[in-house]
Amino acid sequence: MSYFSDVLNRIIINKCDCTKECFVMFVANCETVTSVNDILSYMPPQIRRYMYNINLSDAYEIRMRLGKALTLCYPDGRYYLSRHGVLVSDASGAVKVTRANIDEALELAVKSSMYSAEEEIRDGYITIGGGNRIGICGRGVITDGKISFLKDISGLNYRLACEVTGAADKVKSSVIADGTVKNTLIISPPGAGKTTLLRDLTRNISYGGFNVSVVDERCEIAAMHEGRPAFDMGPCTDVLSGTPKAEGMLMMLRSMAPDVIVTDEIGRESDAAAIERIINSGVKIVTTVHGSGIKQIEHRTALSGAMPFFETLIVLSRRCGAGTVEEIQCKKGDFDAC
């Protein structure tokens, strides 16, 4: 079954077979900033040749698993690439990923310099153009009890960044209220839309006249290229990319006089300490963390010092599709539903 264009403009889900009511913020035709040709330039030639007629504007992942069919993930399901250059629902007869394909893909991702990407590979990913990321799995090389490198790479996951104007419409009144921005934590498992939501919140805050400093450690939020963001971050936004979060947040606090600092995927004690210092300086924080719910995060030791400072908590999931808002709580003494 081919992936027809008539699904591209529908809402991902209107009703979900769930025990409680939910809504999904994101529409299926999320605007990918990086063009199809740019994405294809990171694909090995023996796979790329079959992909020129594939519509990737709605895809959110391309998965390469050694010896398995190349998989493309869309909001309405997984598809496979046939040797006729179309997407099919049956993996039998689809294009299979070889060792040579994976080796060539890695070489393209690191621009033929594995050494320059060594630190990223050790963390399990490589950031490529347009804020897209290639996740990596294989065999870890352990040195002094820590992973020093990955070898015998067996799988690559191209996670395609999306800009969804309006993604924050359902939650922004809980973040931007009473002439100020609330210290906000977005809680979400991987792939549930937290960075997409954070990106659109940043745009809304910036267009609201607040000076925003984005600390984009993994070059995903703004996807800076030659000093310019690939995404619309708003007119009052400054971006620091490629810098560790804790250090970067304090740099922006000292240098850019922000009203709001935005960063993604906190989790270390150093992040919590930086957030405490920033909020005590009168600057607001909007950030995200991996997790499944509020109670889980409250018991995470590394973040315990920062939790009392957040005023709005937003929980996302994939239960009814990416961007499902499970819960919004606002602090009025204790946290209550907004």
Side-chain angles (χ1 to χ4, degrees), residues 1-14 24 26-112 125-138 152-164 190-191 193 196 223 230 318 320-323:
M1 184 179 79
S2 298
Y3 185 78
F4 296 106
S5 59
D6 62 351
V7 302
L8 294 180
N9 294 312
R10 73 171 189 269
I11 300 297
I12 292 176
I13 190 163
N14 294 315
V24 176
F26 303 163
V27 293
N29 63 331
C30 58
E31 178 187 353
T32 50
V33 174
T34 305
S35 71
V36 170
N37 287 334
D38 287 338
I39 294 297
L40 292 183
S41 70
Y42 292 97
M43 304 299 295
Q46 291 304 312
I47 289 178
R48 185 191 311 159
R49 61 187 291 195
Y50 299 110
M51 297 186 66
Y52 286 111
N53 293 321
I54 301 300
N55 187 340
L56 295 177
S57 64
D58 193 39
Y60 62 87
E61 285 181 350
I62 303 173
R63 289 183 175 266
M64 296 175 61
R65 296 182 174 103
L66 183 61
K68 305 294 184 181
L70 182 81
T71 305
L72 294 92
C73 300
Y74 291 84
D76 70 335
R78 293 179 175 85
Y79 295 85
Y80 307 97
L81 182 65
S82 81
R83 295 187 181 277
H84 299 291
V86 297
L87 295 181
V88 295
S89 57
D90 186 357
S92 61
V95 174
K96 297 293 193 297
V97 176
T98 67
R99 167 59 62 196
N101 295 155
I102 288 180
D103 290 345
E104 289 172 353
L106 279 171
E107 187 172 347
L108 290 167
V110 302
K111 300 179 180 178
S112 301
Y125 69 92
I126 299 170
T127 302
I128 57 176
N132 303 292
R133 183 195 291 187
I134 304 177
I136 306 171
C137 65
D152 299 333
I153 305 302
S154 59
L156 302 176
N157 179 17
Y158 293 69
R159 296 181 62 182
L160 308 183
C162 296
E163 181 176 40
V164 185
T196 303
R318 298 188 300 270
C320 301

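Given the structure is predicted, the values throughout are model-derived calculations rather than measurements. Just so you know, residue 1 is the first one in the sequence shown, and it goes up from there.
Looking only at side-chain heavy atoms (C-beta outward), M43 and M51 come within less than 4.5 Å of each other. Looking at heavy atoms from C-beta onward, H84 lies out of side-chain contact with Y50 at the 4.5 angstrom threshold. A heavy-atom distance below 4.5 Å is not found between the side chains of K68 and V97. Y74 places a side-chain heavy atom less than 4.5 Å from the side chain of L87.
With D103 contributing its side chain and A100 its backbone, the two residues share no donor-acceptor pair below 3.5 Å. R48 places a side-chain N or O within 3.5 Å of a backbone atom of L40 that can act as its donor or acceptor partner.
Between atom CG of residue L160 and atom OG of residue S57 there is a gap of 10.5 Å, rounded to the nearest 0.5 Å. One finds the CG atom of N101 at 4.0 Å from the CD1 atom of I47 (value rounded to the nearest 0.5 Å). Atom CG in D152 sits 6.5 Å away from atom CZ in R99 (nearest 0.5 Å). Taking CD1 of I153 as the reference point, atom CG of L106 lies at 5.5 Å (rounded to 0.5 Å). With values rounded to the nearest 0.5 angstrom, C137 atom SG is found 9.5 Å from L66 atom CG. With rounding to the nearest 0.5 angstrom, the CD atom of E104 is 8.5 Å from the CE atom of M64.
Among residues two or more places apart in sequence or in another chain, the side chain to side chain contact (heavy atoms under 4.5 Å, CB included) test is passed with T71 by R63, R65, C73, R78, Y80.
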Verdict with reasoning, L56 to I62, per side-chain contact (heavy atoms from CB on, under 4.5 Å): CA-CA 9 Å; L56 295 177; I62 303 173; 4.3 Å; yes
Steps toward side-chain contact (heavy atoms from CB on, under 4.5 Å) verdict (I126, L156): CA-CA 10 Å; I126 299 170; L156 302 176; over 6 Å; no
Derivation and outcome, side-chain contact (heavy atoms from CB on, under 4.5 Å), residues I54 and L72: CA-CA 10 Å; I54 301 300; L72 294 92; 4.2 Å; yes
I134 vs R159, test: side-chain contact (heavy atoms from CB on, under 4.5 Å). Steps then yes/no. CA-CA 6 Å; I134 304 177; R159 296 181 62 182; over 6 Å; no
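Heavy-atom minimum distance, Y158 versus P44: OH-CD, 4.4 Å. A pairwise comparison of heavy atoms in V88 and S82 identifies CG1-CB, 4.1 Å as the closest pair. In this structure, L108 and S41 approach most closely via the heavy-atom pair CD1-O, 3.7 Å.
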